[in-house]
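Chain A is the first sequence line, chain B the second, and so forth, proteins listed ahead of strands; every chain is numbered from 1. Just so you know, these numbers use all the heavy atoms, side chains as well, and skip hydrogens, waters and symmetry mates.
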There are 2 protein chains.
Amino acid sequence: MLSERKRSVLKAIITEYVNTAEPVGSRALARRHNLGVSTATIRNEMADLEEMGFLMQPHVSAGRIPSDYGYRFYVDHLMEHDQLTYSEQDLLNQLVYIKSLEADMVLATASRLLSQLSNYVGLITSPRIHTGRLTAIELIHLSRRLALALFFTDNGQVENRVLVLPPEVESRHIESLAAYFTHRLAGRPMEEITGQLLDELYSELLEDHIQNHDFISRIAQALMNWLKSGGRSRVFTGGAHNILGQPEFQDVEKVRHLFALFEEEALLLQLLQREPGITITIGQENRLPVMQDCTVVSSTYTVNGKSTGTVAVLGPTRMDYAHVISVLEHLTGCLEKAFSSHDDEDRQQDAVF
Amino acid sequence: MLSERKRSVLKAIITEYVNTAEPVGSRALARRHNLGVSTATIRNEMADLEEMGFLMQPHVSAGRIPSDYGYRFYVDHLMEHDQLTYSEQDLLNQLVYIKSLEADMVLATASRLLSQLSNYVGLITSPRIHTGRLTAIELIHLSRRLALALFFTDNGQVENRVLVLPPEVESRHIESLAAYFTHRLAGRPMEEITGQLLDELYSELLEDHIQNHDFISRIAQALMNWLKSGGRSRVFTGGAHNILGQPEFQDVEKVRHLFALFEEEALLLQLLQREPGITITIGQENRLPVMQDCTVVSSTYTVNGKSTGTVAVLGPTRMDYAHVISVLEHLTGCLEKAFSSHDDEDRQQDAVF
DNA sequence: TGTTAGCACTCCCGCATTGAGAGTGCTAAC
DNA sequence: GTTAGCACTCTCAATGCGGGAGTGCTAACA
């Protein structure tokens, strides 16, 4: 266990380093944080802390900088809660009242705000939607050449799609098709409905409805597309350019790899697959080589009590952890409000998810 | 008019500079391009070309580099046609056969390919869709709590949206509402249908349908959302990180501004509003200060003979113009094929636009 | 035993200097 | 009109040289 004084020295060093990005020397520390002891004592404490793995020295006559382990101890034991200013809160609160009901727009804006308020990179994943079970498929004959396909799920989602009919289709065919699809698929969890299952269904159907070959495949296609688009989460990256102002990202080659990562949606999704609540991975704790001196702080948000997405900030390990966490907590709240406000039934239809 | 020899010297310098990114000296030029004259003669020609504004000298004892005007002359008069390799063509051809029918996916992939094949940044705008006139609005009573809104246009688009009904609505109300909306809006070009017009309609309607207050606003809302999402083009930026390999983008501050631009969708859209065919804006020809040493080469693609989008490459003025143009031409063809293949009616429903 | 002042030592960083190299313009000869 | 030669200019990388910041150690002190 660390002595009280060691804790305050470590905390002071991290606070100082986060602000200045320069190695912290004993003199600067004594001057700006009144620790009540001399520089020599601080030096002794620093030497101890270094030996214990909390600090590092870039070279022999430089000040100390925190190690990953030092940051870890800081976020676990030393960090104090940070309060957002009112103007920061207001900025985030706007999200709840965004006019556009499109989820895309909300999340894109949110990721940009996240970056703006943290000066790092904002990352947000959209939640998966297909969490329920399919309850029914209906086909409605709209006009000579148009039909409407409706897919219902047990958690209240309705997907609808207009289909163009081949000339020779009759109403009774359409109805029997809908009944057949419902019969075979109703009750299944969405994840189970795959291309393979649809293919089987397809070949079964072909035996009975030879003349409607084309139409059947269109229904299956529409269903498939919906499943695909809903099963896939998207990632919104906002304000990536902001980290270019940070001193640790002055090396173009390094930045290049990082920005390449931001375009790897699949990789990001994996990276942002997180436990509920606030999660922090510091430096080496990140597996990817590109991120060995980056920290990701993330939080999850929940829509309709079920499907969850992640909001995260990626920045240098020298990060203002307390502030970032406050921003994330507030943003999480805003997103949950934005997506489950009073008119949620409407919203659900209009939103991409 | 430039002498034949001056033209070959200029062309050789540009070719050389595009490859090496280093100022081109007379000796290097004589060695690598057999122009059949001595370095002294080349020096004289270079001095002339500089005086005429085609070349510049970073400092007195450096080689020459092309000016914006030099590049302009090159693309207008000297450039030769470039042929894509088969593997490059294959890469682009994949786009036509992308399984996913989502336009988003096609364009995002295309922008990435564009970057990959050029080593610069790929920019693509999705075409605007709302080019026709509204012909009818239909409301269909699906179940006790659900109605379907259908919006038809004269160029064959159909938008559909499921609406949740307030408890007390009756079928005849729904029908009369649809008739009223159609009566007031049919025949109008899509651009004319704005929030303001809908607001007027809304207040008129309230007088007659006091009890359906809520429902009416939902229909208007759905219509509005559709108009918004369709009237707005999106921009897909791909492979931005690739230009970080180019020597002109080693300055982080410069890169920062450029990357900030890539997140300004509105600005990009404006920038990519282009004449049909290949357009090139070189260096200072671009208005934005960030882009004073960048070139944008763009081409337009057309879907359904009407709505057009832009594909473009943004890179340093020292750009492999011939190659970029070939890539753009080929890509344009692929996109047009991808979006207007045989099953285009289906596609139109499924695609975002 | 813990704390502090003092001091020698180390290392980075910015600055000026220097020499090699590349390229030019000019001149004179062809 | 073309070319060889040469003096000149300028950049760039390498080198060397304090100044400054910060440390660890030692010895004195409470």
Side-chain angles (χ1 to χ4, degrees), chain A residues 1-10 12-17 19-67 70 247-248 250-251, chain B residues 1-10 12-17 19-67 70 247-248 250-251:
Chain A
M1 199 52 198
L2 286 180
S3 73
E4 199 50 48
R5 194 169 66 191
K6 281 199 174 48
R7 294 165 75 100
S8 14
V9 170
L10 179 55
I13 289 176
I14 291 184
T15 310
E16 199 62 22
Y17 185 62
N19 287 330
T20 63
E22 306 262 292
V24 185
S26 54
R27 223 173 80 89
L29 209 61
R31 206 174 333 114
R32 259 176 289 189
H33 302 250
N34 55 342
L35 296 166
V37 289
S38 76
T39 60
T41 309
I42 293 176
R43 277 203 291 281
N44 289 330
E45 297 289 35
M46 281 168 136
D48 290 352
L49 285 168
E50 182 172 0
E51 187 150 4
M52 298 163 86
F54 294 106
L55 298 178
M56 296 187 313
Q57 227 173 349
H59 58 85
V60 63
S61 81
R64 302 304 209 292
I65 61 174
S67 66
E248 27 274 282
Q250 294 307 299
D251 175 24
Chain B
M1 199 51 199
L2 287 180
S3 73
E4 200 50 48
R5 195 168 66 190
K6 280 200 173 50
R7 294 166 73 100
S8 13
V9 170
L10 179 55
I13 289 176
I14 291 184
T15 310
E16 198 63 21
Y17 184 62
N19 287 329
T20 63
E22 306 263 292
V24 185
S26 54
R27 223 172 80 90
L29 208 61
R31 207 174 334 114
R32 259 176 290 188
H33 302 250
N34 56 342
L35 296 165
V37 289
S38 75
T39 60
T41 308
I42 293 176
R43 277 203 291 280
N44 288 331
E45 296 289 35
M46 282 169 136
D48 290 353
L49 285 168
E50 181 172 0
E51 187 150 5
M52 298 163 85
F54 295 106
L55 298 178
M56 296 188 313
Q57 228 174 347
H59 57 87
V60 63
S61 80
R64 301 304 208 292
I65 61 174
S67 66
E248 28 274 281
Q250 294 306 299
D251 174 25

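Residues I42(A) and L35(A) approach most closely at CD1-CD1, 3.9 Å, considering heavy atoms. Heavy-atom minimum distance, P66(A) versus M56(A): O-CE, 4.2 Å. Nearest heavy-atom pair across M46(A) and L55(A) is O-CD1, 4.0 Å. Between T39(B) and S26(B), the closest heavy-atom pair is O-CB, 3.7 Å. In plain terms, the two heavy atoms of P58(B) and G63(B) that are nearest each other are CD-O, 3.4 Å. In this structure, G53(B) and S67(B) approach most closely via the heavy-atom pair O-OG, 2.6 Å.
We find that CD of E45(A) is positioned 17 Å from C1' of dG22(D), with the value rounded to whole Å. One atom, CG of D48(B), and another, P of dG1(D), lie 11 Å apart when rounded to the nearest Å. The distance between atom CZ of R5(B) and atom P of dG1(D), rounded to the nearest whole Å, is 10 Å. Atom pair L55(A):CG and dG22(D):P shows a separation of 15 Å (rounding to whole Å applied). Taking atom CD1 of residue I13(A) and atom P of nucleotide dG22(D), one finds them 12 Å apart after rounding to whole Å. Rounding to whole angstrom units, CG of residue L29(A) and P of dA21(D) are separated by 16 Å.
When Watson-Crick and G-U wobble pairs are counted only if both distances are under 3.5 Å, dG16(D) pairs with dC15(C). The partner of dT10(C) is dA21(D), judged by Watson-Crick or G-U wobble contacts that both fall below 3.5 Å. Both distances falling under 3.5 Å, in either a Watson-Crick or a G-U wobble arrangement, place dA29(C) opposite dT2(D).
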> Where along nucleotides 13-30 of chain C does protein come under 4.0 Å, by heavy atom, of base (B) or sugar-phosphate alone (S), with - for untouched nucleotides?
Replying inline: ---------BSBB-----
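Distances shown here put every side-chain N or O of T41(B) at or beyond 4.0 Å from the OP1 or OP2 atom of dT2(D).
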